[in-house]
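Working notes, structure below.
All values derive from a computational prediction rather than experimental measurement.
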2 protein chains.
Amino acid sequence: MDARQLEEKLRAAGYRLTPARRAVIQALGEAGRELAPREVLAAARARCPGLGRATVYRTLRLLAQLGLALPLPAPGGIRYRLLAGDLHRLVCRGCGAQLPLDLCPARGLTARLAERSGYLIAGHVLEFYGLCPDCQRRLSCVE
Amino acid sequence: MDARQLEEKLRAAGYRLTPARRAVIQALGEAGRELAPREVLAAARARCPGLGRATVYRTLRLLAQLGLALPLPAPGGIRYRLLAGDLHRLVCRGCGAQLPLDLCPARGLTARLAERSGYLIAGHVLEFYGLCPDCQRRLSCVE
DNA sequence: GGCTAACTGAGACGATGTATCATCAAGCGT
DNA sequence: ACGCTTGATGATACATCGTCTCAGTTAGCC
């Protein structure tokens with residue numbers, strides 16, 4: 001799902017499409033990785049110079065509520081990324097390094113789960129976490 | 001994995017087992033749900049009266065790095081829970097409501113993934129997210 | 001073009017998380 | 001059992017984060 005489609009989804013859900021919101025969405029879309037709110041603010045100001053901090057937080061929260069953006073815990077606080085389908089990755093809890101995965105053992109479950117729960121399911125995250133080789137040494141984790 | 005086992009893992013990894021750390025671990029263990037750092041502080045002070053804020057943050061970060069606790073994004077900030085095996089749930093992005101799931105399509109992948117990546121894999125999270133029936137109405141999401 | 005409700009930016013505010021530092025005590029060796 | 005050594009602690013100060021309020025603006029609809 002690209003930035004243009006997200007803008008349409010916002011509209012379809014009854015929200016206005018403003019320069020501030022477009023700037024936030026496009027900043028997230030161009031980054032291609034998760035961004036901290038402060039990074040979103042910096043990047044989005046290139047497109048919307050006077051953009052305020054509060055608006056960035058409001059927009060990120062709105063996108064997350066609608067399932068269009070994904071908040072992820074990271075060292076240093078929560079980061080956001082646009083939801084481009086589902087997310088599968090292997091994350092190092094020590095340094096934050098990531099390896100994307102191309103497996104998906106969960107896709108077939110979504111429809112059944114939605115039916116049984118009444119939820120409107122926007123996607124899923126499958127995240128394996130642990131320590132990368134470097135951090136295994138650095139943290140003297142002997143397991 | 002209960003609190004006692006976690007304490008042993010800390011020791012095994014070369015860290016000291018102090019009253020402050022035990023209080024944090026036991027507070028998380030007894031809660032049985034994810035806690036915000038401020039809640040951890042309040043609960044842990046019952047066991048370790050003078051406990052300081054900085055120590056709680058330090059301990060939570062340490063536990064997360066070692067894969068013994070899990071930071072999760074929630075409305076209001078990051079929350080932590082002890083890692084009791086893997087986590088599978090369905091989460092509402094609107095209000096934070098959760099449904100635990102008893103499926104696990106990913107368990108069999110861990111060993112192969114660890115071998116190929118060199119990571120020490122502590123566990124995984126499979127999280128479906130979307131909107132619960134209430135929030136679908138409240139946010140006028142027409143999807 | 002004008003209306004109206006949703007949205008915005010500014011600013012103030014409390015909460016959150018980190019850095020520093022003197023003091024303390026866990027765990028080890030004896 | 002007792003000291004040592006060094007990692008851990010609590011207090012404090014500080015920077016940042018995230019929220020709230022409010023007056024002014026503007027997107028979307030007629």
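Residue A:Leu72 comes nearest to B:Pro73 through the heavy atom pair CA-CG, 4.4 Å, listed as atom of the first residue, atom of the second, then distance.
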Sugar-phosphate or base contact per nucleotide [nucleotides 19-30 of chain C; S, B, -; heavy atom under 4.0 Å]: BB----BBSS--

Report the C-alpha distance between A:Gln98 and A:Glu34 in whole Å, list the side-chain angles of each, state the deciding distance to 0.1 Å, and finish with yes or no for side chain to side chain donor-acceptor pair (under 3.5 Å). CA-CA 11 Å; A:Gln98 304 179 20; A:Glu34 50 264 50; 2.6 Å; yes

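A:Glu30 is linked by a salt bridge (charged side-chain N to carboxylate O under 4.0 Å, His left out) to A:Arg47, counting only residues two or more places apart in sequence or in another chain. In this structure B:Arg22 satisfies the salt bridge (charged side-chain N to carboxylate O under 4.0 Å, His left out) test together with B:Glu7, sequence neighbours excluded. Contacts of B:Arg45 classified as side chain to side chain donor-acceptor pair (under 3.5 Å), with partners at least two apart in sequence or in another chain: none. B:Phe128 is linked by a ring pair (Phe, Tyr, Trp, His ring centres under 6.0 Å) to A:His124, counting only residues two or more places apart in sequence or in another chain. With sequence neighbours excluded, no residue forms a side chain to side chain donor-acceptor pair (under 3.5 Å) with A:Arg11.
The closest donor-acceptor contact from the side chain of A:Glu39 to the backbone of A:Ala36 lies under 3.5 Å.
B:Val91 belongs to no multi-residue hydrophobic cluster, having no ILVMFWY side-chain contact under 4.5 Å with any other such residue.
Per the geometry, CZ belonging to A:Arg53 stands 13 Å off P belonging to C:dG9, to the nearest Å. If you measure from atom OH of A:Tyr57 to atom P of C:dA12, you get 18 Å, rounded to the nearest angstrom.
Side-chain contact, A:Gln65 with B:Arg93: no donor N or O sits under 3.5 Å from an acceptor N or O.
A nucleotide of DNA chain D counts as in contact with chain A when one of its atoms lies under 4.0 Å from a heavy atom; the first and last such, 5' to 3', are D:dC17 to D:dG28.
Of the inter-residue distances, the one linking A:Leu126 atom CG with A:Leu101 atom CG reads 7.0 Å to the nearest 0.5 angstrom.
Applying the side chain to side chain donor-acceptor pair (under 3.5 Å) test to residues at least two apart or on different chains, none of the pairs has a partner in residues 108-120 of chain A.
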Using distance only, find each side-chain donor-acceptor pair of residues 56-63 of chain B under 3.5 Å and give its atom names and separation, not counting sequence neighbours.
| residue | atom | partner | partner atom | Å |
| --- | --- | --- | --- | --- |
| B:Arg58 | NH2 | B:Thr55 | OG1 | 3.3 |
| B:Thr59 | OG1 | B:Thr55 | O | 2.8 |

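Axis angle across the helix from C:dG1-D:dC30 to C:dT30-D:dA1, with five pairs used at each end and values rounded to 10°: 50°.
The residue among A:Arg45 and B:Ile78 whose nearest nucleotide of DNA chain C is located toward the 5' end is A:Arg45. Residue whose closest nucleotide on DNA chain D sits further toward the 5' end, between B:Gly76 and B:Ala20: B:Ala20.
Nucleic acid contact for B:Arg21: sugar-phosphate only, since backbone atoms but no base atoms lie under 4.0 Å from a heavy atom of the residue.
Using a 4.0 Å cut-off on heavy atoms, none of the residues of residues 26-40 of chain A approach DNA chain C.
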